[in-house]
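These numbers come from the heavy atoms of this one structure, side chains and all, not from hydrogens, waters or symmetry mates. A, B, ... follow the sequence lines: proteins, then strands. Residue 1 opens every chain.
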Protein chains: 2
Amino acid sequence: MCGIVGYFGEKSAVPILVEGLRKLEYRGYDSSGIAVMEEGGIRITKSVGKLVNLEEKLGNRTYNARIGIGHTRWATHGRPSDVNAHPHMDCHGDFAVVHNGIIENYLELREWLTAEGHLFRSETDTEVLAHLVEHFYKGDLQDAVKKMLAKVEGSYAVVVLSYKNPDVMVAARKDSPLIVGIGDGEYFVASDIPAVLKYTRKTYIMEDGEMVTVSAEGLKFSDFTTGECVEKSVFEVTWDAVAAEKGGYEHFMLKEIFEQPKALRDTLAGRLNHDHVVLQEVDLTPKEVALFNKVAIVACGTAYHAGLIGKGLIEHWAKIPVEVDIASEFRYRAPLIDDKTLVVVISQSGETADTLAALRESKKKGARVIAITNVVGSSVAREAHDVIHTWAGPEIAVASTKAYTTQIEGMILLALYLTQAKGTMPKEWITEIISELGKIPDKAEIILKEGAERIKTLARYFEEVGSAFFIGRGLDWAVAQEGSLKLKEISYIHAEAYASGELKHGTLALITEDTPIIALATQRDLYEKTVSNVIEVKARDAKVIGFTFEGNTDFHKSVNEIFYIPETVNELAPLLTVIPLQLLSYYVSVARGNDVDKPRNLAKSVTVE
Amino acid sequence: MCGIVGYFGEKSAVPILVEGLRKLEYRGYDSSGIAVMEEGGIRITKSVGKLVNLEEKLGNRTYNARIGIGHTRWATHGRPSDVNAHPHMDCHGDFAVVHNGIIENYLELREWLTAEGHLFRSETDTEVLAHLVEHFYKGDLQDAVKKMLAKVEGSYAVVVLSYKNPDVMVAARKDSPLIVGIGDGEYFVASDIPAVLKYTRKTYIMEDGEMVTVSAEGLKFSDFTTGECVEKSVFEVTWDAVAAEKGGYEHFMLKEIFEQPKALRDTLAGRLNHDHVVLQEVDLTPKEVALFNKVAIVACGTAYHAGLIGKGLIEHWAKIPVEVDIASEFRYRAPLIDDKTLVVVISQSGETADTLAALRESKKKGARVIAITNVVGSSVAREAHDVIHTWAGPEIAVASTKAYTTQIEGMILLALYLTQAKGTMPKEWITEIISELGKIPDKAEIILKEGAERIKTLARYFEEVGSAFFIGRGLDWAVAQEGSLKLKEISYIHAEAYASGELKHGTLALITEDTPIIALATQRDLYEKTVSNVIEVKARDAKVIGFTFEGNTDFHKSVNEIFYIPETVNELAPLLTVIPLQLLSYYVSVARGNDVDKPRNLAKSVTVE
């Protein structure tokens, strides 16, 4: 989720690192830093805020260092600050580390290292890596990094420098991108291609489980588990700078849709145990949970739709009544909130003005407030009593995709947390849900791999239309609302979602053969009812595209087109169902020639009322 | 709300009465009956159900009577049954009465008459009229009716026969229509012109406070308060039969929109006291009200929108948390309902399948259920623990208008009832709201009289468009939802309502110069915020039509067109604001050449899921 760049060569490293970081700026960040190998030791410069702050600190001085690493941070563990910015060092300043990803067992490692006498300075998970390398270092940096990696669980792209081996740079990856660029007698390491594109188009793309040692002798790739050497072939980058920022995708939105398996995996990382969930950032005793007589979920736009799913799950599992409100309405309706209310605010940016105001109002009334947000250190994250972070990484496209699915995960985790505190569902059942939840990221991957082309062909139903309806019941209705908002935002088609059973109370008048209908039918207990509603719209000659589980081989008879979703339990279906709907909006928008990433009239983060 | 017909002449009365009643069948009814003057006494035949049931009872016999009265009933006081059907008689069968309207002080009169020794047979308010005439009769029927009228409060069109004056028929009206048709040596009395159109086009339209005595000598009109004679001129009906059914309006919907002042008045009748409301059909002690920890409102379509307003008022006034659910969703989401929940179901017809199922489910879970319905004796009315009837009268157009505004009144009355039980608002404040509420029917009349032409001109903004948005905050948002549904139903324009503050979270992408926006800005505390949102859409060149209170002379600067609503308190604004929106849908639908009363794909009462 952060940006990494490393330089090893004969030129002055600092300007190259800063330039590389600037190319990663489109990802957004909250702090940045560099470490360069100088006479007398590693020199570190870090600064909270935008890159320009770091540049100011660096000033106009000339730097002699020829080797260095840099990092732009998108905070996960630890709020944005100078001290939490990368690179991180060991106790004695001999080792410097930059890292993308999440170290899941960092708390455990930190305790152990602290007991061993290591002194920690930051709140990050990354710092354990520096101390681990220090711990294992016996004269060979590559060996120490290898031993360090054997200890850690999680995802990472990591680059390490050591003043004790000043002519070597070691990097490794697992579940977080990393590339090596080959210049003329110089090497670049980076999380993303744009960082190196100014200097070279010749790269090696590192694979999971690989490490590389960069030295004057050249590059040495190896498998860090077995230690065996790895032969790699050069990848010649043919993208221009703009395409490179999008990782080869045509638009950020498509890139972010495809990032969902990783975002979903990261958000679950370290939070699922065999028979219970762990939310380290939420501090509620079962006694406190028992005192809540209401949950009030408050959000705007897409986040509000994640809240609708939260309502379904919390009421169903934890048996606590839930209200979901649009933040701009909640603020002004004098809601009945007190110290027996658990308020949950959801905001990707953590800066949504109405949501923030709702949070403050709720605190004033004595409510306990949990935030679900994608930005560590955001206003919402700082001001809430507890936070559930989504680990979606920076979202650049205005139309939210990976933020939404990870917000749903946040709601599922919270619902399970409340349920286990209240003991309202049997343990075996929680075990079952957790097991199914763990499989969701892989299933999302299957949809993207196998379904994208199919959705592209379905997009033709929408090329000429002015209106479309999304229908479903229960959780499908909640997903329908998000699906229709996506289509609105980027295709400019007037799409609207309806609870299937409500169509005949008026809206059916709008249904003609020119109105495509998206019918969601994943909820098994509501399936027959949904089919009846589909037959109603089919009777008006509407074209119906159905979405249901693979096992449901009946539904295709009722619809014009069908898209199958991998099987999961009813309650988790939204995490999968929405993905083809996101793709659909995307392909329709492209077909209609719209600016997908920057739809007209809209801004990414709404910090005004 | 019922249908009345009377015959006085030389022909056989029974077939003429039956034929007249058939012409009133379009109004819907639940029972019917006739009374004819025969040798030996007045003969009454009544039957619950459709007119055909009455006809069966009458059989093929020939009747000699030349004078008679008939009635088709739309139940108000007392469920539909043989005994509650009109005509009603006194103790000895000497007087027969048919009546439309509501006698507000009937309980008090009934107690007094019972104490006087009168024996009541039915549950109706009408029966007191027969006993009152009996009480006052001293040999002159006209005099007895006059004295009876002096005693009663409420609205009525009434026709009386007496075996003691067998050659006279007396009729009177106040706030309920009544006409007299003049044939060749014969006279007809009727609530509506269609009942007499087969026989004559010459009529007298009776005015409030007038009575007429029909005898062989002719007609004698007088003012029943002063006793003075009244000169009337003949009204020649130029309408055809179809237009006559619509009371001269082009469509039932328009007729029903214009019936709202009366429907609003009738629904409040007898329920407003100086400083408290009276709901005779609701039987809750303050102690029982105090035990409710939640109100769950369940309805479909337009009735659901009335529920949204109920939520705002009950939470704001009575401080009880309220959930509003679409019935088809409520049923299947295993709602958290128990004996501490007050469930309110709303259904015009009282037969809406999903709403009825929700009612049954709620009762099973131990909840107390109050129904708000327009049909006495409907399934919902029968099965609920308590009922608040709306007195809108039969609604024939598929698009609901007067049912909606009276449902809002029902919600207001219930909110006040709960508030006075809980003592959550000061008495002076309740007095103020009740006083304002009493003025609403007159203000509705002003809008219809002075605003209809203006709305007709505004309709041109919608003639060519495919999409439109309705925006507002708080209660304005609830009304916006109803306004947009109306436009959808009959104009087939894809209209959608948005909470103003939510537009920028996606939907703003749809706003262009071709998208008309209806902006509601009646809620004084939210006015500034709404203006900001209007400016956002104006910046996208949208055409904005604003609706606000007369006193707000600022709003016209922010919008393209403005419509002013008579001032009232914030909470009662929905009752008025929706009326121009109904008119707008109507005129747009007419301009687009649609079938206003029977929009495509829709049915009036949804008795299937």
Side-chain angles (χ1 to χ4, degrees), chain A residues 293-294 300-304 312 315-316 319-321 323 326-329 331-336 352 354 399 466-467 473-474 477 485-486 488-490 492-494 496 499-502 504-512 523 525-526 529 532 536 539-540 599-603 606 608-609, chain B residues 293-294 300-304 312 315-316 319-321 323 326-329 331-336 352 354 399 466-467 473-474 477 485-486 488-490 492-494 496 499-502 504-512 523 525-526 529 532 536 539-540 599-603 606 608-609:
Chain A
N293 61 15
K294 182 165 79 174
C300 300
T302 289
Y304 170 76
E315 289 197 339
H316 187 192
K319 315 292 183 206
I320 313 175
E323 285 182 4
I326 289 171
S328 66
E329 286 293 308
R331 298 178 61 172
Y332 299 110
R333 75 170 175 88
L336 301 173
T352 313
D354 284 317
S467 274
R473 285 170 178 260
W477 179 33
L485 180 62
K486 267 329 85 164
K488 266 186 179 133
E489 284 179 305
I490 58 171
Y492 316 149
I493 291 170
H494 194 163
E496 191 178 3
S500 312
E502 186 67 1
K504 54 187 152 346
H505 294 283
T507 302
L508 210 52
L510 291 184
I511 309 294
T512 68
Q523 303 296 298
D525 45 334
L526 304 173
K529 303 277 169 202
S532 309
E536 284 165 18
R540 276 80 197 187
R600 68 184 180 202
N601 304 344
L602 300 181
V606 181
V608 297
E609 282 182 33
Chain B
N293 61 16
K294 183 165 79 176
C300 300
T302 289
Y304 170 77
E315 289 198 339
H316 187 192
K319 315 293 184 206
I320 313 175
E323 286 182 3
I326 289 171
S328 66
E329 286 292 307
R331 297 177 61 172
Y332 298 111
R333 75 171 175 87
L336 300 173
T352 314
D354 284 317
S467 274
R473 286 170 178 262
W477 179 34
L485 180 62
K486 266 331 84 166
K488 264 186 182 135
E489 283 178 307
I490 59 170
Y492 317 148
I493 292 170
H494 193 163
E496 192 179 2
S500 312
E502 186 68 2
K504 54 185 155 345
H505 294 282
T507 302
L508 210 52
L510 290 185
I511 309 294
T512 68
Q523 303 297 297
D525 45 334
L526 304 173
K529 304 278 168 201
S532 308
E536 283 165 18
R540 276 80 196 186
R600 68 184 179 203
N601 304 342
L602 299 181
V606 181
V608 296
E609 284 185 32

Where is the tightest heavy-atom contact between B:Pro321 and A:Lys294, given as atom of each residue plus distance?
CB-NZ, 4.3 Å
Quick one: what part of B:Ile490 sits under 4.5 Å from any heavy atom of chain A, side chain, backbone, both or neither?
neither
With only heavy atoms counted, which part of B:Leu485 is less than 4.5 Å from chain A, the side chain, the backbone, both or neither?
side chain
Tell me, side chain or backbone of A:Glu323 under 4.5 Å from chain B's heavy atoms, or both, or neither?
side chain
Given that the side chain runs from C-beta out, which part of B:His316 has a heavy atom under 4.5 Å from chain A: side chain, backbone, both or neither?
neither
How long is the span from the NE2 atom in A:His494 to the CD1 atom in B:Ile493, to the nearest 0.5 Å?
11.5 Å
Given the options A:Ser467, A:Ala539, A:Pro599, A:Ala303, which has more heavy-atom pairs under 4.5 Å with chain B than any of the others?
A:Ser467
Interface moiety of A:Leu508 toward chain B, non-hydrogen atoms closer than 4.5 Å:
both
Looking at every non-hydrogen atom in both residues, tell me the closest pair between B:Leu526 and A:Tyr332 and how far apart they are.
CD2-CB, 3.3 Å
Residue part contacting chain B, namely of A:Lys486, when any heavy atom lies under 4.5 Å
neither
Need one label for B:Glu329: side chain, backbone, both or neither, based on atoms under 4.5 Å from any heavy atom in chain A.
side chain
side-chain contact (heavy atoms from CB on, under 4.5 Å) with B:Ser328: which residues, sequence neighbours excluded?
A:Arg473, B:Ile326, B:Asp354
Interface moiety of B:Leu336 toward chain A, non-hydrogen atoms closer than 4.5 Å
side chain
Go through the atoms of B:Glu502 and report whether side chain, backbone, both or neither lie under 4.5 Å from a heavy atom of chain A.
both
Nearest 0.5 Å please: distance from the NZ atom of A:Lys488 over to the OG1 atom of B:Thr507.
4.0 Å
A:Arg600 portion near chain B, given a 4.5 angstrom heavy-atom threshold:
both
Measure the shortest side-chain to side-chain distance between B:His505 and A:Glu489 over non-hydrogen atoms and say whether it is less than 4.5 angstrom.
no
Relative to chain A, which of B:Arg333, B:Glu496, B:Gln523 shows the most heavy atom pairs under 4.5 Å?
B:Glu496
